[in-house]
Protein chains: 2
Amino acid sequence: MSDEPDTGERISEAEHAVMTALWNRAPLTANEVAEAVGSRAWSLATVKTLLSRLVTKQAVTTEPDGKRFLYSPSLAREAYLGGESRRMVDRLFGGSAAGLFAHLAESEALTPADLDQIEALLREIRK
Amino acid sequence: MSDEPDTGERISEAEHAVMTALWNRAPLTANEVAEAVGSRAWSLATVKTLLSRLVTKQAVTTEPDGKRFLYSPSLAREAYLGGESRRMVDRLFGGSAAGLFAHLAESEALTPADLDQIEALLREIRK
DNA sequence: CGTAATCGACTACATCTGTAAACGTGAACG
DNA sequence: CGTTCACGTTTACAGATGTAGTCGATTACG
């Protein structure tokens, strides 16, 4: 029904790490992605598998570059964050962002810096 | 290292639905849980499997009641929400709650009611 | 008492996920 | 020109998850 980045396909945690690398800098070769996600200590094979799966899920596109491929994110980071954070707020707090906020506040999960920024954002919105 | 509700074991989405039923009202029999999560249209067998897995994960405890069991949440809702929301904020927003908030704000995911509540909470915290 | 209903426990099985090796092919190098 | 690299593709496999059927014991009903 459309050729947009398929938002319906769920992206797993490991895949998300790959997406993050590509969101930070793209296009990248498989090797570069492997380096970029270095913290995970994945074998190159693993990274290739994840990239393939992401291509299948249409979250990443490829562009031939000589004998290899350059990978770029097709799914925008914003769209992904939007979907995921909405899912989470829905699932955990019945869709109430205020519920989430209340929880973070109660559990001391908010740093003073967070509070300042949030306050500033609120003022901005209310302006 | 402790006999507390095992926070380490991840709870899946389906399992979370069961936990929600138990958090809303407990103890419940397997049948009652099945009714409580009615929206999911699971067979009773499925609910029983999920309950078993939750017991294994030590997120739910049982108490014999004649020939059957009464199930109660062992893992507190607050603890679960805390863990999950933290995970999400870490994963998606590099640990910045303000980042999450900014995203929700930008994507128009905040209702006026949310804004009011958050503002009130902020004032409360700052008091 | 015998049989049916009820329960939890065990088993089943297709997907998805994490992780990676094996394979085939074309390019680069000696 | 043959062999080794470098890549993408295919295949593998264990563990988690979604979903549910089967089994054995126990209870309740007739």
Side-chain angles (χ1 to χ4, degrees), chain A residues 6-22 27-72 74 80 83-84 87 91, chain B residues 6-22 26-72 74-75 80 83-84 87 91:
Chain A
D6 193 334
T7 312
E9 290 284 4
R10 302 278 302 122
I11 288 178
S12 78
E13 187 144 345
E15 287 161 359
H16 175 247
V18 169
M19 288 304 288
T20 297
L22 292 174
L28 293 180
T29 64
N31 278 292
E32 291 170 330
V33 170
E35 280 169 35
V37 297
S39 55
R40 296 267 191 153
W42 279 324
S43 82
L44 181 57
T46 299
V47 174
K48 285 177 182 174
T49 299
L50 294 173
L51 280 169
S52 300
R53 289 180 181 168
L54 285 168
V55 168
T56 299
K57 292 182 181 178
Q58 298 182 55
V60 163
T61 52
T62 56
E63 167 194 2
D65 170 51
K67 81 172 208 165
R68 60 200 169 157
F69 280 157
L70 292 183
Y71 299 86
S72 300
S74 164
Y80 177 74
E84 286 304 298
R87 282 173 56 79
R91 203 165 86 82
Chain B
D6 194 335
T7 311
E9 290 284 3
R10 302 277 303 122
I11 288 178
S12 78
E13 187 144 345
E15 289 161 358
H16 175 248
V18 169
M19 288 305 288
T20 297
L22 293 175
L28 293 180
T29 65
N31 276 293
E32 291 170 330
V33 171
E35 280 169 35
V37 298
S39 55
R40 297 268 189 150
W42 279 326
S43 82
L44 182 56
T46 298
V47 174
K48 286 178 182 175
T49 299
L50 294 174
L51 280 169
S52 300
R53 288 179 182 168
L54 285 168
V55 169
T56 299
K57 292 182 181 179
Q58 299 183 54
V60 163
T61 52
T62 55
E63 166 195 1
D65 172 51
K67 81 171 206 167
R68 61 199 168 160
F69 279 156
L70 292 182
Y71 298 86
S72 299
S74 162
L75 172 62
Y80 177 74
E84 286 304 298
R87 283 173 57 79
R91 201 165 87 82

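Quick caveat, the model's predicted, so the values are computed rather than measured. Within every chain, numbering begins at 1; the chains are lettered A, B, ... in the order of the sequence lines, protein sequences first and strands thereafter.
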Should the side chain of [X] and the base of [N] be counted as holding a donor-acceptor pair, with the cut-off at 3.5 Å?
X: B/Arg53; N: D/dT19; result: yes
X: B/Lys67; N: C/dT6; result: yes
X: B/Ser12; N: D/dA16; result: no
X: B/Ser52; N: C/dA9; result: no

Quick one: do [X] and [Y] make a salt bridge, cutoff under 4.0 Å?
X: A/Glu13; Y: B/Arg87; value: yes
X: A/Glu9; Y: A/Arg53; value: no
X: A/Glu15; Y: A/Lys57; value: yes
X: A/Arg91; Y: A/Glu84; value: no

May I have the distance from [X] (atom [atom1]) to [N] (atom [atom2]), rounded to whole angstrom?
X: B/Arg10; N: D/dA16; atom1: CZ; atom2: C1'; value: 11 Å
X: A/Arg68; N: C/dT25; atom1: CZ; atom2: P; value: 21 Å
X: A/Phe69; N: D/dA6; atom1: CZ; atom2: P; value: 18 Å
X: B/Leu51; N: C/dG8; atom1: CG; atom2: C1'; value: 11 Å
X: A/Ile11; N: C/dT15; atom1: CD1; atom2: C1'; value: 18 Å
X: B/Leu70; N: C/dT6; atom1: CG; atom2: P; value: 17 Å
X: B/Asp65; N: C/dT6; atom1: CG; atom2: P; value: 16 Å
X: B/Leu54; N: D/dG18; atom1: CG; atom2: P; value: 10 Å

Ignoring backbone atoms, establish whether A/Lys57 has a side-chain N or O less than 4.0 Å from OP1 or OP2 of C/dC16.
no
Name the nucleic acid region contacted by B/Thr29, choosing base, sugar-phosphate or nothing; use a 4.0 angstrom heavy-atom cut-off, strictly under.
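Touches nothing.
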Per [X] side chain, nearest of listed nucleotides [options]:
X: A/Ala30; options: C/dA20, C/dG8, D/dG8; value: D/dG8
X: B/Glu13; options: C/dG8, D/dG18, C/dT17; value: D/dG18
X: B/Lys48; options: C/dT19, C/dG8, D/dG8; value: C/dG8
X: B/Asn31; options: D/dT17, C/dC7, D/dG8; value: C/dC7
X: A/Thr46; options: C/dT19, C/dA9, D/dT17; value: C/dT19

Is there a side-chain contact between A/Thr29 and A/Tyr71, using heavy atoms and a 4.5 Å cut-off?
no
What residues 34-45 of chain B contributes to the DNA chain C interface at heavy-atom separation below 4.0 Å is none
Which heavy atom in A/Ala59 sits nearest to a heavy atom in A/Met19, and how many Å separate them?
O-CE, 3.3 Å
May I ask you to check whether A/Thr46 and A/Ser43 show a side-chain donor-acceptor distance below 3.5 Å?
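Yes - a donor-acceptor pair under 3.5 Å links their side chains.
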Taking only residues two or more places apart in sequence, or in another chain, which ones meet A/Phe69 in a ring pair (Phe, Tyr, Trp, His ring centres under 6.0 Å)?
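Testing A/Phe69 for ring pair (Phe, Tyr, Trp, His ring centres under 6.0 Å), a comparison that skips the adjacent residues, returns none.
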